[in-house]
Structure formats: structure tokens, C-alpha cells
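Working notes, beginning with the structure itself.
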There are 2 protein chains.
Amino acid sequence: MSLELTILGLLSWNPQSGYDLKKSFSAVEFIPWSGNNNQIYRTLLRLHSEGLVDSQITQPESGPAKKIYTLTEKGYTSLKAQLLGAPELEQVKNTFLIQLAFAEILETRLILQLLEDYCTQITERKVLLTEEFRRAEGYPGRSERETLIWTRITDRRLESLDNEKKWAESLMEELKETFHE
Amino acid sequence: MSLELTILGLLSWNPQSGYDLKKSFSAVEFIPWSGNNNQIYRTLLRLHSEGLVDSQITQPESGPAKKIYTLTEKGYTSLKAQLLGAPELEQVKNTFLIQLAFAEILETRLILQLLEDYCTQITERKVLLTEEFRRAEGYPGRSERETLIWTRITDRRLESLDNEKKWAESLMEELKETFHE
DNA sequence: CCACCCATGTAAAGAGTTACATGATTAC
DNA sequence: GTAATCATGTAACTCTTTACATGGGTGG
């Protein structure tokens, strides 16, 4: 379960509460979970029972009390071990491809419309991502090496979207040329 | 749930049993489910109770009896509606990116090793995929349009893997140049 | 006072996987 | 006869999401 890895990783940057983690989850695009309460709070309780994190309730000057989690020695060791685990290939779930794959019973103009809609989705997503990445750019306290890695990761996400859009567009062209009208 | 769409789609090609569907699931790479018994048989029973499929037990000349499912009129209509549903963007779950993202606590040589391993994984996957796609190439009874779409989909899968590998390799180069030794 | 954000948690349900149970047929 | 494959299904579990419950603080 790499949700655990993500939590340990975020805590290795700085101690924070479940609520903070939740925000981090939804702020980092390539974290593939919604960052819902249930999973985060329950995982934190489990990690605490396993001794990978410590928690301390603090009362900020204003606002409600927070339960701040920190990595323990054991948690740090576990994080390192998980970071060194064998890399897995990405899993892609693209239900649009399935729509396309069985679209033989649709007229060509409808398939073209689907591809068009798909491109629109990609464009909208790119705008959101670009904005998110721009905000994260000036993240303070990162080493040069870490900055390089994060930049390359975010670049790659945008590049993937571009490639997907180009692919859809070229498929549209081919369909139009050969099967339209 | 687009597992339903996949089953309806496969049945629109030809009537088949749960066992056949299971094989189809694992044979088509971009179907993102394992094709486990539980999901397929239970979905078939549900689709039957909803009147989207009919089933008929047949006794082949040799081998055990099969429960062959066919699309009903209602099932065909539902398939068409689902094919026309708004396209969704692909969801990518790449836990390796998360490993990389929090790898700041590792030495550069270890990060390079991870990237190397990732590339190896990609290469292995590409060999498998190429073989799978080669086998599927001569699928009979496909229209020219359908063949085009399937070819483009499979091409795109291989292209994505290539891009991912190129990305990892160029990141390795950058890390080596700037941070190694 | 009401709506919204901060903050921690739980309930219920859906989605997906692995493993199990059963039985017939085929291949060695 | 025994191992593998064909074939249908169930059990148990994990993972993930949406929604709910609770309570304090802040801004209009």
C-alpha cells in the first residue's frame, strides 16, 4: 500500500496533522488518491499503533486543536525501505479507450465527437495542472537535486497530456479522411 | 462502472460465456481489470437480472456445459448509451513517481539504480505487449475503421512506454552529470 | 445568526483482488 | 491416476470513495 509511503514521505518533509496531509494529497497532482478523510485518519492511527509515527496534540493560538504527527526512527527506516522497493510500472485506467474500442456500432461522426470532447477534457486539465505546478514552483527549502526531480516529474505530466492530445487529433484526422462523408 | 461497458462491448462482438470473457479481459492489454472470476460472474448475474443480457446453457460436443450470454435489445441500447457517455481523462497511478518524489533522503547512486530498474521494467513490459499485439493483429471480421482504431490504440500504448523510458533515461543523465561523484 | 473553514473522526457502500470450493473433461 | 484445463461460482479481504457526525472558530 503506497498510500502509506506517501504519508511517510510527506511527514519526512515536516510534521503535520491529518488535515494538513489531506490538503497536501489534493495539492500534489501525481498522488493518485483523493485524499479522503477516512483513509488518511485511519492510516495515521494504524501507523501510530505500529510505532512508525508519534502524535502530539497542540493548541494553536487561534483555531481548534491539532494532532501533529511526526516520523519516528522506526518510521524513517520504514520510509527508506519503501523508497528502495522495486519500482512498479504505472497502471493506467483509461475508460475512454474502451469506449473507442467498442465504438464500431457508432457512426463516424459520433466517434469524432467523442474524440473532440476528449481533447477538450485534456485542454481543461492542462490549464488546471499548469496553474497547480506554477503555484508549487517556488516551494522553499528544496535542494537542487530535489528541485530537478520535481520539475522533471511535473514536466512529464504535462508532456503526457500533450502526447495524448496529439494522438487523439491525429486519429481524428485519419478517421475524417477515410471514413467521413 | 465501466467494467459493465467492457462486458457489454465484448458481448456485442459475439455471445460468450463468463469463462470466455475472463480470457478476453486478460488478453486485451488496455482493459484495466484483472478479469477475476468474482467480478465477471457477479456482473453477468446482475446484468441478467436487469435484462441487459440473456443466458443459455449449452452442452458442447466435448467439455463441460457453458452458460453462453447474449446481448438483449435492452443491453444493446445500454451499450450504445454508455459508448456515447462523456469521455473521462485517463487515471494514472504511478507509485514509482511517489518513490522518486520523496527520494531526497537517498544517495544519488540509489536513485539512479531505481531509475535503471524502472527502465528494465519498461523494456520487459514492451516485449510482452509487442507479442500480445502481434497475436491480436490478425483478428478476423473487423471493419477497416475498427482495425484503424485498434491499431492506433495499441500503437499509442507502446509509444507511451517509449516516452516514459526516454524520460527516465534523460533524468538519469541529468542526475549523473550534476550530482554523481 | 448563518455560512464557511478548521479539524478529527466514523459509517456505509462500491470497486477490485486473491483464494477457495466444486465438478467435469482431457492429456500424459 | 494424476495433473492440467474447462467452467461456474462464493468467501474473505483490501482499497477507495461519498457521506455523515461533531464541535470550535471566523467573517459578514
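Convention: sequence-line order gives letters A, B, ...; per-chain numbering from 1. Everything quoted here is computed from the prediction, not taken from an experiment.
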When the distance from CD1 of A/Ile68 to P of C/dC6 is rounded to whole Å, what number comes out? 14 Å

Gap between atoms CG and P, on B/Leu47 and D/dG9 respectively (whole Å): 13 Å

Identify the two heavy atoms, one from B/Val92 and one from A/Pro32, that lie closest to each other, and give their separation to 0.1 Å. O-CB, 3.7 Å

Minimum-distance nucleotide to B/Pro64 side chain [options: C/dG23, C/dT17, C/dA7]: C/dG23

Choosing from D/dC15, C/dT17, C/dT10, which nucleotide comes nearest the side chain of A/Gln39? D/dC15

Atom CD of A/Gln91 and atom P of C/dA15 are separated, to the nearest Å, by 18 Å

Should the pair A/Arg152 and B/Trp167 be classed as cation-pi, given the thresholds of under 6.0 Å to the six-membered ring centre and 45° from the axis? no

A/Asn37 CG to C/dA13 P, straight-line distance once rounded to whole Å: 19 Å

Could you give the CZ-to-C1' distance, from B/Phe25 to C/dG16, as a whole number of Å? 12 Å

D/dT22 P sits how many Å from A/Asn38 CG, rounded? 17 Å

Are A/Lys66 and C/dA7 close enough that a side-chain N or O sits under 4.0 Å from OP1 or OP2? yes

Please confirm whether the shortest side-chain N or O distance from B/Ser34 to OP1 or OP2 of C/dG16 is below 4.0 Å. no

Which part of the nucleic acid, if any, lies within contact of A/Lys22, taking any heavy atom under 4.0 Å across all strands shown: a base, the sugar-phosphate backbone alone, or nothing? nothing

Looking at A/Glu131 and A/Arg134, is any side-chain nitrogen of the basic one under 4.0 Å from a carboxylate oxygen of the acidic one? yes

Is the count of non-hydrogen atoms from other residues, nucleotides or ligands lying under 6.0 Å from B/Gln59 atom CD greater than 12? yes

Looking only at the side chain of B/Ser17 (C-beta and beyond, no hydrogens), which of the listed nucleotides D/dT8, C/dT10, D/dG9 gets closest? D/dT8

Measure from CG on A/Leu21 to P on C/dA7 and round the result to the nearest Å. 12 Å

B/Ile7 CD1 - C/dG16 C1' separation (whole Å): 13 Å

Would one find a side-chain N or O of B/Tyr19 under 4.0 angstrom from OP1 or OP2 of D/dT8? no

With the threshold set at 4.0 Å, does a side-chain nitrogen-carboxylate oxygen contact exist between B/Glu132 and B/Arg135? no

Considering only NZ, NE, NH1 and NH2 on the basic side and carboxylate oxygens on the acidic side, decide whether A/Arg156 and B/Glu164 come within less than 4.0 Å. yes

Picking from D/dT8, C/dA11, D/dA7, the nucleotide nearest the side-chain atoms of B/Lys67 would be D/dT8

Could I get a table of every N or O pair under 3.5 Å where one atom is in the protein and the other is in nucleotides 2-4 of chain D?
none

Does the base of C/dG16 carry an N or O that pairs as donor and acceptor with the side chain of B/Asn36 under 3.5 Å? no

Taking 4.0 angstrom as the limit, do A/Glu104 and B/Arg145 come out as a salt bridge? yes

Salt bridge check, A/Glu4 against A/Arg46: does any charged N sit closer than 4.0 Å to a carboxylate O? yes

Would you please confirm or rule out a distance under 4.0 Å between OP1 or OP2 of C/dG16 and any side-chain N or O of A/Lys93? yes

